[in-house]
Asker: 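Sharing a structure with you now.
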Amino acid sequence: MGKIWFATGNEHKRRELAEIFAIHDAAHVVNIPSDVGINFAPEETGSTFLENALIKARTLFAIVKEPVVADDSGLCVEALDGRPGVLSARYGNTVGKNLVDAEKNRLVLKELGNNPNRKAHFVCAMVLFLGDDRFFAVQETLEGEITCEKRGQGGFGYDPIFLIPELGCTVAELSPTKKNHLSHRAKAGATIGRVYDAVLLG
Ligand code: ITT
């Protein structure tokens, strides 16, 4: 079984990517920096998901000098001009106070208020980084709507307020396996898994 570096500090993302690879028969152990005591918190200074994914990938590649996968993702709400967007992880933070997921969800619901336009999408930019001049990048979305109140216990982040209209449930009401078949990360990870196997395993 191959080992893949995943440049994240987010344990939810690691679990999801491992299952996504498994679903697509890309059998890999997904290692993250904290597994080997690497303190990993690069400054995400990019203005796009792709730029931030590349920053994370480059930072870990410089340390481990092996192929690295990185993911930058977030929620874009149409009526909020695309916010929280690339700031999804830091949404509503002020100096000295970082909001937890439930508070970020409440903030989105408050900002959106009774606006009838509930359209939103998740974005996942994912890169497979093999060197400064050699990398593969994909960006995928999951389309949906913002609910009026949170629903469900699964997933993480904004999943409890993100409704998939065709299924009539929020992402937090899906089983992990169902989410890992249809999410923004599921689609990006399926492609990156295939590229990894094609390029690195022949
Ligand atoms: P790393 O940077 O260490 O990978 P992070 O959680 O800070 O971890 P991002 O910078 O990509 O990751 O921020 C993404 C945020 O967007 C994340 O913290 C969630 O709040 C939200 N998010 C991303 N994917 C999500 C998903 O599948 N479901 C719900 N919320 C998600």
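Fair warning: this is a prediction, and the values are worked out from it, not measured in the lab. One-based numbering along the sequence shown. Order of appearance sets the numbers: ligands from 1, and atoms from 1 within every ligand.
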Asker: Side chains of Thr177 and Glu19 only: does a donor on one sit below 3.5 Å from an acceptor on the other?
Answerer: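 Yes, a side-chain donor-acceptor pair sits under 3.5 Å.
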Asker: Among protein heavy atoms, which sits nearest to atom 14 (C) of ligand 1, and what does the distance come to when rounded to 0.1 Å?
Answerer: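 Among all protein heavy atoms, the one nearest atom 14 (C) of ligand 1 is Ser73 O, 3.0 Å.
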Asker: What is the nearest protein non-hydrogen atom to atom 24 (N) of ligand 1, stated with its residue, atom name and distance?
Answerer: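 Heavy-atom neighbour on the protein nearest atom 24 (N) of ligand 1: Arg185 NH2, 2.9 Å.
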Asker: So between Ala89, Cys124, Ala186, whose heavy atom ends up nearest atom 18 (O) of ligand 1?
Answerer: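 Nearest heavy atom to atom 18 (O) of ligand 1 lies in Ala89.
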Asker: What atoms of ligand 1 come within less than 4.0 Å of a heavy atom belonging to Ser88?
Answerer: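 Counting atoms of ligand 1 from 1, those under 4.0 Å from Ser88 are 15 (C), 16 (O).
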Asker: Asn10 heavy atoms, cut-off 4.0 Å: which ligand 1 atoms fall inside?
Answerer: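 Near Asn10, meaning under 4.0 Å from one of its heavy atoms, ligand 1 has 3 (O), 6 (O), 8 (O).
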Asker: Counting only heavy atoms not in Lys104, do more than 12 fall under 6.0 Å of its NZ?
Answerer: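 Correct, the count exceeds 12.
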Asker: Hey, which atoms in ligand 1 end up nearer than 4.0 Å to a heavy atom of Lys56?
Answerer: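 By the 4.0 Å cutoff, the relevant atoms are 1 (P), 2 (O), 4 (O), 9 (P), 10 (O), 11 (O), 12 (O).
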Asker: Heavy-atom contacts with Thr8 under 4.0 Å: which atoms of ligand 1 show up? List them by number with element.
Answerer: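 Atoms satisfying the 4.0 Å criterion: 1 (P), 3 (O), 4 (O), 8 (O).
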Asker: Run the numbers for me: atoms of ligand 1, each under 4.0 Å from some heavy atom of Gly74, listed by number.
Answerer: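 In order of number, 16 (O).
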Asker: I need the Cys124 SG to Asp71 CG distance, nearest 0.5 Å.
Answerer: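 Cys124 atom SG to Asp71 atom CG measures 3.5 Å (nearest 0.5 Å).
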Asker: Mark up the atoms of ligand 1 that fall under 4.0 Å of a heavy atom belonging to Gly157, in ascending order.
Answerer: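 Near Gly157, meaning under 4.0 Å from one of its heavy atoms, ligand 1 has 20 (O), 29 (C), 30 (N).
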Asker: For atom 20 (O) of ligand 1, what is the closest protein heavy atom, and at what distance to 0.1 Å?
Answerer: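 So the nearest neighbour among protein heavy atoms is Tyr158 CE1, 3.3 Å.
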Asker: Does Lys179 reach ligand 1, in the sense of a heavy atom lying below 4.0 Å from it?
Answerer: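 For ligand 1, residue contact (heavy atoms, under 4.0 Å) with Lys179 is present.
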Asker: With side chains defined as the heavy atoms from C-beta onward, is the minimum distance between Val77 and Leu112 less than 4.5 Å?
Answerer: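 Contact flag for Val77/Leu112 side chains = yes.
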Asker: Quick one: look up the protein heavy atom nearest atom 11 (O) of ligand 1 and list residue, atom name and how far away it is.
Answerer: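 For this ligand atom, the closest protein heavy atom is Lys13 NZ, 2.8 Å.
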Asker: Go through ligand 1 atom by atom and flag the ones less than 4.0 Å from a non-hydrogen atom of Asp72.
Answerer: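 Counting from 1, the qualifying ligand atoms are 9 (P), 10 (O), 11 (O).
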Asker: Does Leu182 belong to the same Ile/Leu/Val/Met/Phe/Trp/Tyr cluster as Leu75, with side-chain heavy atoms less than 4.5 Å apart forming each link?
Answerer: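 Linked, Leu182 and Leu75 end up in one cluster.
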Asker: Hey, is Phe122 touching ligand 1 through its side chain, its backbone, both or neither, going by heavy atoms under 4.0 Å?
Answerer: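 Just the side chain.
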Asker: Between Ala125, Gly9, Gly154, which one has a non-hydrogen atom sitting closest to atom 3 (O) of ligand 1?
Answerer: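 Nearest heavy atom to atom 3 (O) of ligand 1 lies in Gly9.
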Asker: Looking only at heavy atoms of Lys104, does any of them come nearer than 4.0 Å to an atom of ligand 1?
Answerer: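 Contact absent.
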Asker: Go through ligand 1 atom by atom and flag the ones less than 4.0 Å from a non-hydrogen atom of Asp159.
Answerer: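 Within the 4.0 Å cut-off of Asp159, ligand 1 contributes 26 (C), 28 (N), 29 (C).
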Asker: Looking just at side-chain N and O atoms, do Arg14 and Thr8 make a donor-acceptor pair shorter than 3.5 Å?
Answerer: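 No, Thr8 and Arg14 have no side-chain donor paired with an acceptor closer than 3.5 Å.
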Asker: I want to check something: taking the side chain as every heavy atom from C-beta on, are Asn180 and His24 in contact at a cut-off of under 4.5 Å?
Answerer: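 Side chain of Asn180 against side chain of His24, heavy atoms only: no contact under 4.5 Å found.
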Asker: For atom 22 (N) of ligand 1, find the nearest protein heavy atom and state the residue, atom name and distance (0.1 Å precision).
Answerer: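 Nearest protein contact, heavy atoms only, for atom 22 (N) of ligand 1 is Phe156 CE1, 4.0 Å.
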Asker: Heavy-atom contacts under 4.0 Å between His12 and ligand 1: side chain, backbone, both, or neither?
Answerer: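 Neither part.
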Asker: Measure the distances from the heavy atoms of Leu75 to every atom of ligand 1 and state whether one is below 4.0 angstrom.
Answerer: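 Under 4.0 Å: no for Leu75.
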Asker: Is the closest heavy atom of Ser183 to ligand 1 under 4.0 Å?
Answerer: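 Checking ligand 1 against Ser183, which is what was asked, there is no heavy-atom contact under 4.0 Å.
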Asker: Is any side-chain heavy atom of Phe122 closer than 4.5 Å to a side-chain heavy atom of Thr141?
Answerer: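 Sidechains of Thr141 and Phe122: no contact.
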Asker: Taking the side chain as every heavy atom from C-beta outward, state whether Phe156 and Asn10 have any pair of such atoms under 4.5 Å apart.
Answerer: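 Side-chain contact under 4.5 Å: yes.
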Asker: Got a sec: does the CZ of Phe135 have more than 12 other heavy atoms crowding it under 6.0 Å?
Answerer: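 Result for CZ/Phe135: open.
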Asker: Does some side-chain heavy atom of His121 sit less than 4.5 Å from a side-chain heavy atom of Cys76?
Answerer: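 Side chain of Cys76 against side chain of His121, heavy atoms only: contact under 4.5 Å found.
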Asker: I'd like to know if the side chain of Asn98 reaches the main chain of Val100, judged simply by a donor and an acceptor atom lying under 3.5 Å from each other, with no hydrogens or angles considered.
Answerer: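 No; zero donor-acceptor contacts below 3.5 Å.
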Asker: Name the closest protein heavy atom to atom 10 (O) of ligand 1, giving the residue it belongs to and the distance to 0.1 Å.
Answerer: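 Of every protein heavy atom, Glu44 OE1, 3.0 Å lies nearest to atom 10 (O) of ligand 1.
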Asker: Is there a side-chain contact between Phe40 and Thr59, using heavy atoms and a 4.5 Å cut-off?
Answerer: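 Yes, at least one pair of side-chain atoms sits under 4.5 Å.
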